[in-house]
Each structure stands twice: as structure tokens, then as C-alpha cells.
Participant: 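The structure follows.
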Number of protein chains: 2
Amino acid sequence: MIGTIHIIDDEDVIRDALSFLLASRGLSTRGWDSGEAFLDALPLSDCACIILDVRMGGLSGPEVFDRLQLAGVRVPVIFLTGHADVPVAVRALKAGAFDFIEKPFNDNQIVDLALTAIAAHAQDQAAAAARQSVADRKATLSQREKEVMALMVTGALNKQIADALGIALRTVEVHRGRVLAKMGVRNAIELTKLIADGQN
Amino acid sequence: MIGTIHIIDDEDVIRDALSFLLASRGLSTRGWDSGEAFLDALPLSDCACIILDVRMGGLSGPEVFDRLQLAGVRVPVIFLTGHADVPVAVRALKAGAFDFIEKPFNDNQIVDLALTAIAAHAQDQAAAAARQSVADRKATLSQREKEVMALMVTGALNKQIADALGIALRTVEVHRGRVLAKMGVRNAIELTKLIADGQN
DNA sequence: CACGCTATTGTGGAAACCCGCAATAGCGGC
DNA sequence: GCCGCTATTGCGGGTTTCCACAATAGCGTG
């Protein structure tokens, strides 16, 4: 199960052509005849990639894209346009679009693009899952434990942490042990790498 | 000294207009009438930003850009084009161009763009300098010290490092101390962050 | 108020870490 | 052969970490 490609275009011909093309290469697709329809259907758990027409009745492609960003949807978006419009393309790409191609499109090109987009999404998902896992474990920490952890990853000694927090050395040791246990790591170095990765 | 904006365009009018505009805002500029001339002049220590025309006699803008990438030049490039060409714009941006704008350009827009490009370059430079600094210090490590460091950042105990390398515990301790000293950090956690950052 | 949960602290000891002092050994260069 | 650099190891001792056992205190629930 690698996810579905959602095709948003108000022209039936384009949607059907794309669906047929991608389906013939073994990809799962689903069409939407307007940005509003797609946005209303969110959240979509199977969404691995979006092919989005720029010029549509109702919301335009870029407008849909903006709303996706605001909604926190992190899926590769391939824009499709029938009109040479460099500023729109530039703005879309700088805003994080996966690609921007002109109609008529080359069949193999768009299939390749969809495949690489799905691959990129899979990587994103894996990274997001890892981050989420870390965030989940972090959420099980008490306030004090978080404070101690924050100082641990700076390389501070237990004694320095104790002074900084105004608590006894022994207490820091207890918290430290609990932090390591809850975060599922063996030592402060693994913890540091776990937290540092999350920042990126 | 914030660096010079290099303007590469085979049309004197454009070069002069841009130079005048940017100079009037207090920016330092230098013009080149062909990609070849600019590439021949490399390396240029003052280069903070490049404004590059797409269509020129001789090497095209994208061709110049490719050679810059190959040469390892990491400077923001703002493409300038007189012809609406979406595929070229898309390719340039995906290859890492800073921006891609159409002529005739808006004066304030291009000044702002140049300023943000220079700011981005300054940040890149700072990050690159930091990475270089780490790399330099790393280069002063002996082979053994590098091996020990590699195991240190995994969170391994000295005893485990000793077993892995087939040397005595005391020897590991000596190497460990030297690694920390040469890398300019106080403990293994700071070292880990230093190395992990470098990877990104 | 008793009970459960968490935070806090102490004691004491095993294990690990850090480091100065000292010594042996190999290797390349003058 | 002497010198400089690196690798290696041992000894001794101070510092830090980790943890089991034990105890006190506050807070919310029933």
C-alpha cells in the first residue's frame, strides 16, 4: 500500500486521461473536480501525492496549495498548467511545490514524476513517524524531567544541572535515569542525537 | 564588506541599468558581458550574489549555472529572462537557483531579491565556515583518534571501544582526551552535536 | 483520612570517567 | 644514532555516573 495519487482538475478529460495513464502503470488514483471538493474531503489518510491544475473554476491551484500548507498537509504537489506563467511557477516552487509542468505533458515524464513524488512522500512519512515517536515519548516526561533533559543535551554535569534547577544532585540522577528510560536510550549521547535530529 | 553582485548579461543596457539601480541603493556590483568571461575570472572572493541572464550569445544562463555548480561555487543565483519559459524556470529552481524573474523587472523587487540573496549567502558562508572549522580540527586527528571518535559519538563506553579496537582501556582514555582537546569541546555530548551538525 | 502517584533527598557502593606521571615501542627524517 | 611524533600501557587517585534501598512531602481521588 503506497498511497493514492489525488488528481484535482476541473476538466474531466484531463482527470480521466491522467487516471488511466497512472492506473495503467499500477498506481492508485482518485479524481476531484474542484479544489473545494478536495479540501472538504480532508483529511485523507491515503494521500501520497497531489496533481493539481493551476487554472480552475473556483479556487485556483495555488490557492488550494496555500490552504493545504495552512492545514499542515505535507504531501508532494505536482502543478499542471496550460498557460506559460513563469511567476506562478516560480512562486509555487519557492513555496515548496514538488514540480510544475506544462500541458500537454509527456506521459512517461509525469509517471516518473509521480513515482519520485511518492518515494519522497514515503521518506517524509518515515522521518515524520520517527519525529512523532520521539515527540510521543517526550510527552510522557514530567515537567521536571523535561527540564533536566534540556540541560543534559547541553553536556552539563549532573552537579551543574542540580545547581541550575536548585535541586539536589541525587534528584537530578533520578530524573536523568527516568529520562533515559522513557526516551528508550542507553545514555546521554544517544539522547542528544535523538533530540538533535528532531530539530532539523 | 558584504560582497559584490555580479551581473552576467550580454546586453549592455541591462547590465548598466542594473548596476546603476543597485549602486544607487548602496550595493557593490560588477558586470560581465558573457558567461565565459565570468567563468574565466573564477574564483572571485567577493562574489555574494549573481544575476544571470538566461538567453545569451555563447553559454546560456543555465549552462553557466551548471558549470558554477560543478565548480563548487555556492552563491545565490537570480535568473533573469526575457522570454516566458516555464520548463527552464522550473529546472533552474529545482537545481537550486535562488529566484527566476522576468524582464522587465520591478526595480524594488530586484533590489529586495538581491538583498535577501546576499543575506542568504552570508548565512551560508557562516555555516560553511563552521563546517570547515570542524573539518579542519578533524584533520588534525590521527587515524586512531578518528576511530575512537567514531565510536565515542555512538555512545559506546570506553571499555567497549577498547574491546572493539583491541587496545587497552587506558589507551582509549588517552585518545578520548586528545580528541576532545583537539576538537575543542568539553565532553562527548558537545562532540556529538558538532559531528552530527556537520553531517547535515 | 487512607491510598496512589510523583517529586524530592540521603546513604552507600559498584562502575565508569578523567587525568597526571611515567615508561616502552615503532617509524620517518636529519 | 638522535629527535619528534604517535601509539600503547600501567598506576594511582579524584570526579562522576548509576542504582538499589529507604524515607519525607505534596496532591488529587474516593
Side-chain angles (χ1 to χ4, degrees), chain A residues 130-199, chain B residues 130-199:
Chain A
R131 267 198 305 279
Q132 188 57 48
S133 159
V134 172
D136 286 348
R137 277 174 284 169
K138 212 164 164 181
T140 69
L141 298 178
S142 71
Q143 181 56 33
R144 250 321 188 222
E145 287 163 350
K146 282 180 202 164
E147 292 169 13
V148 170
M149 182 174 76
L151 292 171
M152 280 172 68
V153 299
T154 69
L157 298 180
N158 285 351
K159 183 191 291 192
Q160 296 172 316
I161 298 175
D163 288 346
L165 297 181
I167 56 182
L169 177 60
R170 182 66 186 94
T171 310
V172 174
E173 292 174 353
V174 172
H175 287 315
R176 185 187 187 109
R178 270 205 264 278
V179 167
L180 293 180
K182 286 187 180 177
M183 298 300 287
V185 293
R186 302 176 159 285
N187 54 54
I189 294 189
E190 288 183 10
L191 178 66
T192 302
K193 288 195 287 189
L194 210 59
I195 301 298
D197 284 353
Q199 316 291 40
Chain B
R131 270 197 304 280
Q132 188 56 48
S133 159
V134 172
D136 286 348
R137 277 173 283 171
K138 212 164 165 179
T140 68
L141 297 179
S142 71
Q143 180 57 34
R144 239 343 179 208
E145 287 164 351
K146 282 181 201 165
E147 292 169 14
V148 171
M149 184 174 75
L151 292 171
M152 279 172 68
V153 298
T154 69
L157 299 179
N158 284 349
K159 182 193 289 189
Q160 297 173 316
I161 297 175
D163 287 346
L165 297 180
I167 55 182
L169 178 59
R170 183 66 185 96
T171 310
V172 174
E173 291 174 352
V174 171
H175 286 315
R176 187 188 186 106
R178 270 205 262 278
V179 167
L180 294 181
K182 286 187 180 177
M183 298 300 288
V185 293
R186 302 176 157 286
N187 54 54
I189 295 189
E190 288 183 11
L191 178 66
T192 302
K193 288 196 287 191
L194 211 59
I195 302 297
D197 284 353
Q199 317 289 40

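No experiment lies behind these values; they were computed from the predicted model shown. Just so we're on the same page: letters track the sequence lines, and every chain starts at 1.
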Participant: Taking side chain to side chain contact (heavy atoms under 4.5 Å, CB included) as the definition, give me every residue that meets it alongside A:Asp163, ordered by chain and number, with sequence neighbours left out.
Facilitator: A:Lys159
Participant: Determine, for nucleotides 16-22 of chain C in 5'-to-3' order, which nucleotides have protein heavy atoms under 4.0 Å from the base (write B), from only the sugar-phosphate (write S), or from neither (write -).
Facilitator: SSBBBB-
Participant: What residues, two or more places apart in sequence or in another chain, satisfy side chain to side chain donor-acceptor pair (under 3.5 Å) together with B:Gln160?
Facilitator: none
Participant: At what distance, to the nearest 0.5 angstrom, does CG of B:Leu194 lie from NZ of B:Lys138?
Facilitator: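 If I round to the nearest 0.5 Å, the distance is 9.0 Å.
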Participant: Using every non-hydrogen atom in the two residues, find where B:Lys182 and B:Ser142 come nearest and quote the distance to one decimal.
Facilitator: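 Looking at all heavy atoms of both residues, the closest pair is NZ-N, 4.2 Å.
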Participant: Going by heavy atoms closer than 4.0 Å, what residues in residues 160-168 of chain A are next to DNA chain C?
Facilitator: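 A:Ile167, A:Ala168 - these, ordered by number, are the residues of the stretch whose heavy atoms sit under 4.0 Å from the strand.
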Participant: At what distance, to the nearest 0.5 angstrom, does NZ of B:Lys193 lie from CD1 of A:Ile189?
Facilitator: 11.5 Å
Participant: Collect all protein-nucleotide pairs involving nucleotides 3-5 of chain C in which both atoms are nitrogen or oxygen and the distance is under 3.5 Å.
Facilitator:
none

Participant: Drop me the distance from A:Met152's CE to A:Thr154's OG1, to the nearest 0.5 angstrom.
Facilitator: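 Atom-to-atom, A:Met152:CE and A:Thr154:OG1 are 10.0 Å apart.
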Participant: For B:Glu147, enumerate each residue passing the side chain to side chain donor-acceptor pair (under 3.5 Å) test, keeping only those at least two apart in sequence or located in another chain.
Facilitator: B:Gln143, B:Arg144
Participant: Identify the 5'-most and 3'-most nucleotides of DNA chain D with at least one atom closer than 4.0 Å to a non-hydrogen atom of chain A.
Facilitator: D:dT16 to D:dC21
Participant: Base, sugar-phosphate, or nothing for A:Thr171, non-hydrogen atoms under 4.0 angstrom?
Facilitator: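 It contacts base atoms.
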Participant: For the helix from C:dC1-D:dG30 to C:dC30-D:dG1, figure out the bend between the end axes, five pairs an end, and round to 10 degrees.
Facilitator: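 Computed from the C1' atoms at both ends, the axes differ by 30°.
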Participant: Treating A:Asp136 as the side-chain partner and A:Ala139 as the backbone partner, does any N or O pair qualify as donor plus acceptor under 3.5 Å?
Facilitator: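 Not a single qualifying donor-acceptor pair exists.
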Participant: I'd like a table of donor-acceptor pairs (distance under 3.5 Å, sequence neighbours excluded) in which one partner is a side-chain atom from residues 165-180 of chain B, with atom names and distances.
Facilitator:
| unit_1 | atom_1 | unit_2 | atom_2 | d |
| --- | --- | --- | --- | --- |
| B:Arg176 | NH1 | B:Asn158 | OD1 | 2.3 |
| B:Arg178 | NE | B:Glu145 | OE2 | 3.3 |

Participant: Might you point out which heavy atoms bring A:Leu191 and A:Met183 nearest each other, and give the distance in Å?
Facilitator: CD1-CG, 3.8 Å
Participant: Do B:Arg137 and B:Val134 come within less than 4.5 Å of each other through their side chains, counting heavy atoms only?
Facilitator: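 Side-chain contact under 4.5 Å: yes.
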Participant: Please enumerate all residues that pass side chain to side chain donor-acceptor pair (under 3.5 Å) together with A:Arg186, with sequence neighbours excluded.
Facilitator: none
